[in-house]
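Lettering follows sequence order; numbering is per chain, from 1.
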2 protein chains.
Amino acid sequence: MEKCDKKETIIQAALELVAEQGFHGAPMAMIAEKAGVGAGTIYRYFDCKDTLIKEVYRIVEERFVAALMEGYPEKGSVRERFLHMGAVLVRHLIQAPLELRFIEQFHNSPYGVIHRREKLFGDKEKDIIRELFDEARQQQIFKDLDLSILFALSFGPLVDVSRDHILGFINLSDQLIEQTVGACWDAVRR
Amino acid sequence: MEKCDKKETIIQAALELVAEQGFHGAPMAMIAEKAGVGAGTIYRYFDCKDTLIKEVYRIVEERFVAALMEGYPEKGSVRERFLHMGAVLVRHLIQAPLELRFIEQFHNSPYGVIHRREKLFGDKEKDIIRELFDEARQQQIFKDLDLSILFALSFGPLVDVSRDHILGFINLSDQLIEQTVGACWDAVRR
DNA sequence: TATAAAAGAATGAACGTTCATTCTGTAGGG
DNA sequence: CCCTACAGAATGAACGTTCATTCTTTTATA
């Protein structure tokens, strides 16, 4: 196995275990076993568990942003851009269920708290969204509410329905996704 | 200190520590210290940590349901009942911030997974809400979507904005709460 | 053969839980 | 009223377990 492959394998093993079992169910020994390497080997690639976990998060976030940006209609109307963003978000989440589960575990762990303190916004992705929302508010298309509230109205439900889909409570077809994103649009628009 | 007081004190200490620091930051020794009792004493009231944590959850949930039911306008229109439920939900969450944080920690922990498996619906509170939503859908007031999706559209954002308020990102006034619940109404209504 | 990589056993810290001991309040005998 | 005997509540040091991390040995590569 190539050096790079091995690192990838370890990251993937950590991602899967944390996503499926939470941090309690993902000790280093188990990550090593799942990756098919010795426990000590992990420390050749990451200097401690924190580093590994943060690296997994970084990669997941990266993929996430990339997915959201794909095919983004920069020149479209506010409504078009909003609907696109919402649908793409849900499709990405349900197509990569482990990533959503991992992010949720991460955010509700000591890592997440630290992460929140360190970052507090500033993503490329967030910037685009912020741009879209600011524009929509200025043009009086959206309700005159805090950005945080508009975010909550748009993405809160989308993440929730994605989780419900992943956990098998509902089955989201493309049509259902569009209807749900449409409902979010109704929530934010004037 | 009365026997009952002591049990209460332990429960409160556990609630606060878990809510503020997560399960990682709430070892039994620390819970004992915060409650002002010896570590062993806890085991006179709870036979293990699991039992203690589940008891805390039970109490928090109980208070939560009680808060939601208070002043519920059973005879009001669908819209009135919806708006009332939403506003009361948010007010309770931001007035008892530790309870929201505890519930979130609980759900994203091994306890939460087990809990989900064991219960899978069936609350008094959920029943009332389900009733309201079913009625609204039958009367064609709500969009024709799965109950889970309607839940996500209504309560997802409300929990999110409550969290944002607790964490200090926004400041929810009564007026803002009403506007936000109103926006959720827009999301679910036809 | 020499050097780097990998493995997994060893280590020590942190945790939940136990239990021998101490403390506190009450009942009974003088 | 005082002193002793006792019960059960409380304690916290000690135990066994689990985990991240380190160390030593083995394996592969050049």
- Item | Those residues that, when tested against Arg63(A), pass salt bridge (Lys or Arg N to Asp or Glu O under 4.0 Å) (two or more places apart) | Glu99(A)
- Query: Can the ring centres of Phe133(A) and Phe151(A) be said to be less than 6.0 Å apart?
  - Reply: yes
Distance, rounded to the nearest Å, where [X] contributes [atom1] and [N] contributes [atom2]:
X        : N       : atom1 : atom2 : value
Glu33(B) : dT11(D) : CD    : C1'   : 14 Å
Arg44(B) : dT11(D) : CZ    : P     : 10 Å
Asp5(A)  : dA6(C)  : CG    : P     : 12 Å
Ile42(A) : dA7(C)  : CD1   : C1'   : 12 Å

Would you list the atom pairs, donor with acceptor, under 3.5 Å between side chains in residues 18-42 of chain A and any protein atom, with sequence neighbours excluded?
unit_1, atom_1, unit_2, atom_2, d
Lys34(A), NZ, Glu16(A), OE1, 3.4
Thr41(A), OG1, Gly38(A), O, 3.4

- Message: Is the phosphate of dA6(C) approached by Lys6(A) (side-chain N or O, under 4.0 Å from OP1 or OP2)?
- Response: yes
- Task: Measure up the Phe106(B) and Tyr111(B) rings against each other and bin them: parallel (under 30°), tilted (30 to 60°), perpendicular (over 60°).
- Result: parallel
- Message: Strictly under 4.0 angstrom, non-hydrogen atoms only: write out the protein contact profile of nucleotides 12-21 of chain D, one letter per nucleotide from the 5' end, B, S or -.
- Response: B------SSB
- Does some side-chain heavy atom of Arg101(A) sit less than 4.5 Å from a side-chain heavy atom of Arg163(A)? yes
- Message: Looking at every non-hydrogen atom in both residues, tell me the closest pair between Leu158(A) and Val161(A) and how far apart they are.
- Response: O-CG2, 3.2 Å
